[in-house]
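Worksheet: the structure to be examined is printed underneath.
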Amino acid sequence: MKKAVSTAMALSMMVGLMGVNVNVNASAYEAGSYDGVSITMLNTKSELQDYLVDAAAEWGELTGASLDVYTISDSGSPSQEIAARYAANNAPTLIMGDVQDVADICEEYGVDLSNESWAANGGETYGVSVDGKLYSFPFCIEGRGLIYNKTAIEETLGEEWDPSSVTNMDDLAVLLEKLVKNGMEYPVALNMEDYALGGHYLTQVYEEQDSTMETTSKFIDDLKAGNVDLMSNQRFTALMDTFDLLAQYNINKDDPLAADYATNCADLAEGEVAIYFNGNWAWAEISSYIEDGTEIGIMPVMQNETSENEAVNSSICGSATKQVMIDKECNDEQQQAAAKDFLNWLVESEEGQSVLIEQCSLIPAFTNIDKDVTNMLAQSVQNYVKEGKVINVPYSYPGDHWQTVGAYMQKYFAGETDRATFATEIQDYWTGLAK
């Protein structure tokens with residue numbers, strides 16, 4: 001976009017904001033009357049589909065409106081779905097997308113949400129804004145790293161284990177080898193999806209150059225200009241060294257691209273593996289398998305070679321990763337008003353807040369919500385937030401980044417290409433954007 005877009009994602013600001021109740025209480029919601037109004041919502045967090053469908057029904061009983069929530073297949077991307085719906089002049093009323101998806105289209109198609117009550121309570125801080133207008137509802141704060149099963153580690157080693165004892169990749173390697181020697185044959189699970197590889201793991205290369213948004217943006221610009229040699233970049237080398245280490249101990253090592261997401265979550269929850277690269281969103285699956293008393297958490301992706309950024313081994317990457325925009329192109333004013341009402345219900349009502357926190361297990365972006373997060377992964381991420389140890393994630397990734405680059409990383413993961421080839425493919429992707 002030519003105009004300045006700002007997604008205020010300085011998560012360190014949350015140190016003074018999390019849990020603080022300002023302006024709006026859960027009792028502030030008053031249901032509007034929208035009898036006969038039908039709206040739709042694109043949900044790009046498929047693991048939350050059932051919860052959002054139930055929430056839509058509960059809100060509909062209060063307002064008389066009908067909200068149809070639908071998700072996309074695993075083979076599609078949010079940007080592709082959004083583009084296809086606009087091409088068909090059939091855009092959903094509420095569009096949940098990755099930050100860049102919303103940033104690319106919000107000025108043309110989005111409703112100005114600046115005057116909504118929740119805007120001053122986190123919306124302006126974490127939502128997508130263009131020229132002073134707020135165009136999105138920040139759906140949740142998410143962080144990613146190495147999920148660990150502390151209980152399984154301690155039972156396997158026969159001793160207490162402190163996650164803070166792992167301070168770099170060498171420490172992680174020692175831990176993994178000890179687990180193997182004590183009977184856990186493959187202590188790691190890795191997902192194979194292109195979004196997990198290209199969108200969650202590889203993007204740390206950009207984000208962790210020095211952990212500032214300014215440097216991340218400059219690094220991406222340098223990639224586009226062809227001024228980056230990834231094979232000589234410290235972060236790329238360190239992160240890929242750690243990835244290779246994790247792949248060495250991967251429970252799906254024999255056929256890494258046949259890994260099943262739900263099975264990985266179950267293996268971590270049940271202690272078949274001890275380490276699993278993912279984010280706090282995985283709780284929706286993990287909680288289906290975990291037993292009472294099992295302790296899990298998230299730690300950073302531990303790396304060697306940290307002279308250029310020592311913070312990587314004490315911080316995780318994260319932000320308000322999903323944004324909800326209201327469409328004004330294909331939906332009339334009544335539909336837009338009903339969509340606003342639904343978002344208000346999520347933030348301002350006790351029931352809506354319960355959907356976000358207790359059912360969807362999300363870390364809310366809104367300061368008026370003083371409910372405690374309810375699961376161990378969210379609590380772990382929240383602790384990093386409170387300590388100011390969350391590295392901001394930019395909104396500027398192209399919509400096809402995780403799909404295209406993720407496919408390159410899948411080939412690397414499967415042993416079909418070497419690291420130098422993979423690095424060249426990444427560089428060619430970015431330089432190709434400038435042509």
Hey, are the side chains of [X] and [Y] touching, using non-hydrogen atoms and a 4.5 Å cut-off?
X: Cys360; Y: Val355; answer: yes
X: Tyr429; Y: Leu223; answer: no
X: Val188; Y: Leu176; answer: yes

>> Using side-chain contact (heavy atoms from CB on, under 4.5 Å), reason through Leu197 and Phe243 one step at a time and then give a plain yes or no.
In response: CA-CA 10 Å; Leu197 297 173; Phe243 184 80; 3.9 Å; yes

>> Set out, in order, the CA-CA distance, both residues' side-chain angles and the distance that settles side-chain contact (heavy atoms from CB on, under 4.5 Å) for Phe236 and Ile426, then state yes or no.
In response: CA-CA 11 Å; Phe236 180 77; Ile426 298 169; 3.9 Å; yes

> Do Ser136 side-chain atoms and Val324 backbone N/O form a donor-acceptor pair below 3.5 Å?
Replying inline: no

> When you measure from the side chain of Glu329 to the backbone N and O of Asp327, does any donor-acceptor pair fall under 3.5 Å?
Replying inline: no

How many angstroms lie between [atom1] in [X] and [atom2] in [Y], if you round to the nearest 0.5 Å?
X: Leu268; Y: Phe277; atom1: CG; atom2: CZ; value: 13.0 Å
X: Leu245; Y: Gln248; atom1: CG; atom2: CD; value: 6.0 Å
X: Ile298; Y: Met376; atom1: CD1; atom2: CE; value: 11.5 Å
X: Ile369; Y: Trp118; atom1: CD1; atom2: CH2; value: 11.5 Å
X: Asp244; Y: Met169; atom1: CG; atom2: CE; value: 9.0 Å
X: Thr151; Y: Glu270; atom1: OG1; atom2: CD; value: 13.5 Å

Give me the atom names and distance for the closest heavy-atom approach of [X] to [Y].
X: Pro92; Y: Leu42; value: CG-CB, 3.8 Å
X: Tyr384; Y: Ser314; value: CE2-O, 3.6 Å
X: Gln410; Y: Glu193; value: NE2-C, 3.9 Å
X: Gly132; Y: Ser114; value: O-OG, 4.0 Å

Say whether [X] and [Y], considering side chains only, have a donor N or O and an acceptor N or O under 3.5 Å apart.
X: Lys322; Y: Thr44; value: yes
X: Tyr86; Y: Glu108; value: no
X: Asn252; Y: Asp260; value: no
X: Arg144; Y: Gln204; value: no
X: Glu142; Y: Thr321; value: yes
X: Asn331; Y: Gln336; value: no
X: Ser77; Y: Ser79; value: yes
X: Asp222; Y: Trp430; value: no
X: Gln427; Y: Thr424; value: no

> Sequence neighbours excluded, which residues qualify as side chain to side chain donor-acceptor pair (under 3.5 Å) partners of Tyr249?
Replying inline: Glu177

> In this structure, are over 12 heavy atoms from other groups packed under 6.0 Å from Asp418 atom CG?
Replying inline: yes

> Does atom NZ of Lys371 have more than 12 heavy-atom neighbours, drawn from other residues, nucleotides or ligands, at distances under 6.0 Å?
Replying inline: yes

> Testing Thr215, Thr216, Asn233 for side-chain hydrogen bond (donor to acceptor under 3.5 Å, both in side chains) with Gln209, which one passes?
Replying inline: Asn233

When the ring planes of [X] and [Y] are compared, do they come out parallel, tilted or perpendicular, using 30° and 60° as the limits?
X: Tyr276; Y: Tyr261; answer: perpendicular
X: Tyr397; Y: His401; answer: parallel
X: Tyr412; Y: Phe422; answer: parallel

> Taking it one step at a time, do Phe366 and Phe139 satisfy ring-ring contact (aromatic ring centres under 6.0 Å, His included)?
Replying inline: CA-CA 9 Å; Phe366 301 99; Phe139 191 67; 9.4 Å; no

>> Assess the residue pair Leu48 and Lys45 against the criterion (side-chain contact (heavy atoms from CB on, under 4.5 Å)); give the C-alpha distance rounded to whole Å, side-chain angles, the decisive distance to 0.1 Å, and a yes or no.
In response: CA-CA 6 Å; Leu48 303 182; Lys45 288 182 68 61; 3.6 Å; yes

>> Determine whether the aromatic ring centres of residues Phe342 and Tyr34 are separated by less than 6.0 angstrom.
In response: no

>> Please identify which of these residues, Leu377, Asn191, Leu190, meets the side chain to side chain contact (heavy atoms under 4.5 Å, CB included) condition with Asn278.
In response: Asn191

>> Check this for me: does any side-chain nitrogen of one of Arg419 and Asp241 sit under 4.0 Å from a carboxylate oxygen of the other?
In response: yes

> Given Val381 and Asn383, is the side-chain contact (heavy atoms from CB on, under 4.5 Å) satisfied, shown in steps?
Replying inline: CA-CA 5 Å; Val381 171; Asn383 288 336; over 6 Å; no

